Amino acid sequence: MTSTQNIIAEAPEAAVVAARHESFVRLVLRRFLRHRLAVVGAVVVVLLCASALFANAVAPHDPTFLDTKHRFLAPFQDMGFLLGTDELGRDTLSRLLYGGRVSLAVGVVAMLTTVLSGLVVGLAAGYYGRWVDDLLMRFVDTMLCFPQVFLLLVVAAFVPPTLISISLIIGLTSWMEVARIVRGEILYLKEQDFVQAARALGAGGARIMFKELLPNAIAPVLVAATLKVATAVLMESYISYLGYGIQPPLASWGNMLTNAQGYFDTVPYLAILPGAMITLTVMSFNFLGDGLRDALDPRLRMD
Amino acid sequence: MAVDHRPLLQVEDLKVQFRLPTGILPAVDGIGFTLDRRETLGVVGESGSGKTVSSLALLRLLETPPAEISAGSVLFEGRDLLGLSETEISDVRGRSIAMIFQEPMTSLNPVMTVGYQIDEALMRHYGIPRREARARTLELLTLVGIPSPERNIDGYPHQLSGGMRQRVMIALALSCEPKILVADEPTTALDVTIQAQILDLMVGLQEKFDTSILLITHDLAVIAETAHRVAVMYAGRIVEAAPVATIFGAPRHPYTQGLLRSIPRIHRQRLDVLAEIPGGVPDLTRLPPGCAFAPRCPRADAHCRQERPMPVAVAPDHVVSCWKANDG
């Protein structure tokens, strides 16, 4: 039999191990940085968030101040109103900044709602299986039967439109996709050896769910979350445009578009500017999401 | 030895079946064995003979349904593990009986550092804070021969080789000093040189911690090196059980004899063809009424095909389930 000396001795294969300890986060970051569009997307997202956060410091005017002497100014016509003014003489740049604050807040809150509901439903369905799974997934199917826009408009017609209520409505009508992603991941992970191994070491249900399954399912959720911010921003402008969303005088990119449509033939920039912001935001989040998806792809893990 | 003469683990008439759309599959069909303190019991058999299912059934780790433990008892220190509540059995898992699995590449959680995972097991069973657990984890990693453990304790599984991961698995399994270690093909996925190191490590730690080992493998060489006693499984039943020397020196069951003949030997007289056992593992859903091995057995007769042989002690500590066991 073997002596204790032998046990403690390091294995010869040790030399090849641990040549370079790079954490998973740094590995992902390195791969993400190789993806140019994604980096551009990330930079734009950061700039947008910063401008929304510091809108009160950056904005040259009060976004609701009516300056009737300066109506319908074109961009760069008057350096006091860099991006011009609208039909009531409100500064467009300031309104875009404050509107961005509202639109992004809706996007983020809606995304959090979506992710949280999706995680709970997907985790429960995937982990417990059987009738829990059947029940929850049929509920998901039912929700998916309705086009999201109609669902949104029906609910919005009954709920007073505030920033929070709109975010929640958007979030609660778009979590189904996340639930399906999470459920799929959990079903796959549940069968993995390390889950069995954890159970063999005495791990209970909660530990298995939150320490073994959830952390391993987070990567695709992260990607979906990023993309969800984009769709939520889009949804907010959509329902604000239809008049059920953020109410004036509070600015959002969506209701700026609504205001602008009466003047579209004469002063098109009033519509083009918020439209461009929506497009830029949605595209940046989508690029960011795509980049994250590629960087987190488990098939590339061995790099 | 101790005053207590009861075996540490006593399995009796354990039956596990799977309910499949095509019928009931009796994966384990009434097996019984005992495991004493500090003993290594090797369980050998072909794929599908029920070795792994039996080992998972001990700790009730099988997914139910489709699996179902339909009969039997697993007495561990006087308690029937099959009768415990889910909470009670999970206190036994890892603390009293721990397992090592075949695939070291996939048996560790990929998103947590190896140190964290060992900490978790210690915190779970000893209820100690992480700081205390961490010190013990470092000791364990050193003990199983992980190089520069201070650094690798914060490494992720994908940064370690297969052999290293199996060492971590062993550290994890032994972290709470279990009385029994169930090792399911612990070396099958590893290179031959690493296999020997891992086996040495297990045997060394067995002496250090006074652990009993249930070693499941299809590799007779591994059995010869490490086991004290051997149980040979075929089609969900134990066909022969005896001390390792007896199994290799005087096997009685034709299946055991066939297995031994099929080991390649370096000093064979001529370059003759390696002996094989004709046929394949039977379909468990349609087992013959008699001995399951009869269709492949060179000595089977009408009696063997009609009536199932019961385990018979041909010598003290040597049990064979074969009608021809005493025919030489």
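Please read these numbers as outputs of a predicted model, since none were measured by experiment.
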Query raised in the report: With respect to chain A, which residue among B/Thr87, B/Thr113, B/Leu108 yields the maximal number of heavy-atom pairs within a distance under 4.5 Å?
Result: B/Leu108
Report summary line: Those residues at least two apart in sequence (or on a different chain) that pass side-chain contact (heavy atoms from CB on, under 4.5 Å) with B/Ser175 are B/Ile118, B/Ala121, B/Leu122, B/Leu140
Query raised in the report: B/Asp80: what forms a salt bridge (charged side-chain N to carboxylate O under 4.0 Å, His left out) with it, not counting sequence neighbours?
Result: none
Query - Whether over 12 other heavy atoms sit under 6.0 Å from B/Arg130 CZ - result: yes
Requested in this report: Answer yes or no: does atom CZ of A/Arg138 have more than 12 heavy-atom neighbours from other residues, nucleotides or ligands under 6.0 Å?
Outcome: yes
Query raised in the report: What part of B/Ile97 lies closer than 4.5 angstrom to a heavy atom of chain A: side chain, backbone, both or neither?
Result: backbone
Requested in this report: Just jot down the salt bridge (charged side-chain N to carboxylate O under 4.0 Å, His left out) partners of B/Arg19, sequence neighbours excluded, or say none.
Outcome: B/Glu68
Query raised in the report: Between B/Ala173, B/Pro178, B/Ser107, B/Cys176, which has the largest tally of heavy atom pairs under 4.5 Å with chain A?
Result: B/Ser107
Report task. Could you tell me which non-hydrogen atom of B/Arg124 sits nearest to which non-hydrogen atom of A/Gly202, and how far apart they are? Result -> NE-O, 2.6 Å
**Report entry** Spacing of B/Met123 atom CE and A/Arg207 atom CZ [to the nearest 0.5 Å]
**Finding:** 7.0 Å
Requested in this report: Kindly check if the number of other-residue, nucleotide or ligand heavy atoms within 6.0 Å of CZ (B/Phe248) is above 12?
Outcome: yes
Query raised in the report: Near B/Phe209 CZ, under 6.0 Å, is it more than 12 heavy atoms from other residues, nucleotides or ligands?
Result: yes
Query raised in the report: What residues of residues 170-201 of chain A sit under 4.5 Å from chain B when only non-hydrogen atoms are counted?
Result: A/Asp193, A/Phe194, A/Gln196, A/Ala197, A/Arg199, A/Ala200, A/Leu201
Query raised in the report: Contact part of B/Asp91 toward chain A, heavy-atom cut-off under 4.5 Å: side chain, backbone, both or neither?
Result: neither
Report summary line: So, the part of B/Glu86 with a heavy atom under 4.5 Å from chain A: the answer is neither
